[in-house]
Amino acid sequence: MRALVLTFALLAGGAVAQQAADAVAPETGAFEAQVATAPVLADDWMVVAAHPLASRAGARVLREGGTAADAMIAVQLVLGLVEPQSSGLGGGAFLVWYDAASGDLTTLDARETAPVSATPLLFQDGSGQPLGFMDAVVGGRSVGVPGTPMLLAEAHARWGRLDWADLFTEAQDHATSGFEVSPRMAVSIVANADTLDRFADTRDYFMPEGRALKAGDTLKNPAYAKTLETFANEGPEPFYTGDIARQITRAVQSAAGTPGALSLMDLALYTVKERPAVCSSYRAHEVCGMGPPSSGAIAVGQILGALADYDMAALGPDDVDARRLIGDATRLAFADRGRFVADSDYVPVPVQGLLAPAYLRQRGALLDRDDALPDVQPGAPEFDHALLRGDDNAIELPSTSHISIVDRYGNALSMTTTIENAFGSRVMAAGFLLNNELTDFSFATHEEGRPIANRVEPGKRPRSSMAPTIVMQGGAPVLVLGSPGGSQIIPYVANAIIAYLDWDMDVQQMIAMPHLTNRFGTYDLEQGTGAATLEGPLRDMGYEVQLRDLNSGLHAIAVGDGLQGGADPRREGLAIGE
């Protein structure tokens, strides 16, 4: 088995090196091409985040005796400055926490909410037709109530040890003194220049004097520094009932051409919700994550559950039949996701039925064949409500960021954080970008006369694919992971777990492994990697195949005899531990 693992990893090596041109040398801070070939090892603590400055902020906190929650706050505050295209104070997040003292798993839902004035017709034109996706994204209409500021305060109140204001040091320093624009941020600005140009504050920040920022430029954000000062001194209240709330609503309601309806009342009503962790069994482990409104833990659990009766270890990562099994298990999970999963505060979701072992064996039996499933339909999980629902076709695009942390006390944190599309709604307020999270709702309200679970409703949270995950064995964490990537998050995370548990990869190998994913019938292969060798065999099995960029941001920590951390070479992330 180890030979198979190494063969597939080596096939990926050259392309991954090219994709990792935005990696950062930890001792200098200068961005330069490099690829980690082995996990980072540590004894006491570990932090993995999407930008070196963020990882270093978290490391400083952990070194000083802070908890994983303390470190996450420092990491997120820096990410919102140096990786604004992916997450920040104008967005939301899902957090999974393992508490070493109690052995408990807690999940916190800081997903954005729709304004109370929103209706199911929010993203339809005057004739009842769905808007074009980017027409809906850019501007105030797509902005939901941000949850991240309240989540940071909630996590600190529950699990923090260090002084709240001490967690702002690095973010405040970088915002005031300036930071180096990374290659990834610079490329994102150029790619989105036409929409960033729509709003004066956004244009002036990312394209000063009409020129897009370049890699290596020094960028300061005095407005963000001021917001951080307020946040450090007063906590989250100004975001929901104070001056920052007023700045947010003004920016949304005055967005040129596409104003939104977000109000001060919407902000004042917002709450972070604790929800039950959703866990499923796989190979003598419990795979635990976030339940509705996230589809992540359900779908990952369904993929793994459908594969439980197949010897994935014997097949190995570069076996075409293994990829057929994983791809079609993913298609089955996505079919159920599209019909059944939404905000459980608004529609009943058959979580237990979707993860019932008998149901997953039934779904897995459909994979017992030699070729691609010709047709994939939602199943009929056990449920005590009517299942007359339409199928959703909401679009999730791959921005977002992921943070994995284990502290010296044995606590573990997995958090996926987002503003949805790159640069969110493109609307800025108080030095940070506002999300476009409402476009994760279904633009249509019904499908063939049946209501769609994930339609827009007042105060509702849009369905998400974010899958912050902690894999447990014997009541303790063995793997802490997650990824950005829109709806590709689900197969990224599921494939990583299979690579770790079935294919004996270490965390860096499983992260760098070429991506092969299939959500809706077309098999996506990561171009420029060893995945391309399976293009012909997959076509022979009956799949449509396309080679494309599959830009994950997997960050993982393995917990055992010490800690092993890995960062995705496709992005700018860095693992630090001691």
Side-chain angles (χ1 to χ4, degrees), residues 12 15-16 19-20 22 48-51 79 83 85-87 91-94 96 111 133 137 184 187-188 191-192 289-290 294-300 303 326-327 330-331 333-334 337 394-404 414-424 435-437 439-440 462-469 480-499 507 510-520 522-529 531 546-556 566-573:
V16 169
Q19 293 163 344
D22 48 13
V48 194
H51 192 286
L79 283 178
E83 196 193 35
Q85 70 272 22
S86 296
S87 73
F94 292 125
V96 182
R111 185 68 161 159
F133 184 69
V137 165
R184 182 172 180 80
V187 168
S188 296
N192 293 277
M290 193 76 217
S294 176
S295 62
I298 295 172
V300 169
I303 294 166
I326 297 170
T330 304
R331 292 170 66 197
F334 268 78
R337 168 187 177 272
I395 299 171
E396 287 184 71
L397 293 184
S399 189
T400 308
S401 198
H402 183 78
I403 304 164
S404 291
S414 181
M415 187 175 96
T416 310
T417 174
T418 187
I419 56 171
E420 211 282 334
N421 188 234
F423 301 98
N435 69 85
N436 67 292
E437 217 65 64
T439 55
D440 277 353
R463 188 192 63 208
S464 171
S465 295
M466 292 190 289
T469 301
V480 182
L481 77 160
S483 180
S487 63
Q488 294 278 15
I489 290 172
I490 290 165
Y492 291 157
V493 171
N495 275 271
I497 293 170
I498 293 165
V507 290
M510 80 178 193
I511 288 168
M513 178 180 66
H515 290 312
L516 300 89
T517 66
N518 192 338
R519 297 160 295 164
F520 308 112
T522 298
Y523 226 120
D524 295 327
L525 309 183
E526 186 177 8
Q527 64 183 3
T529 75
Q546 65 175 356
L547 273 66
R548 54 174 296 196
D549 288 332
L550 291 172
N551 197 354
S552 58
L554 281 157
H555 293 143
D568 201 319
R570 301 166 182 87
R571 295 207 179 192
E572 298 168 347

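What's counted below: heavy atoms across the whole structure, side chains too, no hydrogens, waters or symmetry copies.
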Are the side chains of [Y] and [X] in contact, using a 4.5 Å heavy-atom criterion?
X	Y	value
Val493	His402	no
Thr418	Asn435	no
Arg337	Ser465	yes
Met466	Ile489	yes
Thr416	Thr400	yes
Asn421	Thr439	no
His51	Leu79	yes
Pro462	Arg111	yes

Considering non-hydrogen atoms only, spot the tightest contact between [X] and [Y] and give its length.
X	Y	answer
Ser487	Phe334	O-CZ, 3.2 Å
Val137	Gly424	CG1-O, 3.7 Å
Asn518	Tyr523	ND2-CD1, 3.4 Å
Ala299	Ala333	O-CB, 3.8 Å
Met513	Asn495	CE-O, 3.9 Å
Asp568	Gly553	OD2-N, 3.3 Å

| query | When you check the gap from the basic side-chain N to the acidic O, do Asp549 and Arg570 get nearer than 4.0 Å? | reply | no
| said: If only side-chain N and O atoms count, and only distance matters, is there a donor-acceptor pair under 3.5 Å linking Gln85 with Asn192? | reply: no
Got a second to check how far [X]'s [atom1] is from [Y]'s [atom2], nearest 0.5 Å?
X	Y	atom1	atom2	value
Arg548	Asp524	CZ	CG	4.5 Å
Leu547	Leu525	CG	CG	5.0 Å
Leu516	Thr529	CG	OG1	6.5 Å
Arg184	Asn551	CZ	CG	4.5 Å

N/O donor-acceptor pair under 3.5 Å between [X] side chain and [Y] backbone:
X	Y	value
Ser87	Ile419	no
Ser414	Thr469	yes
Arg571	Ser552	yes
His555	Ser404	no

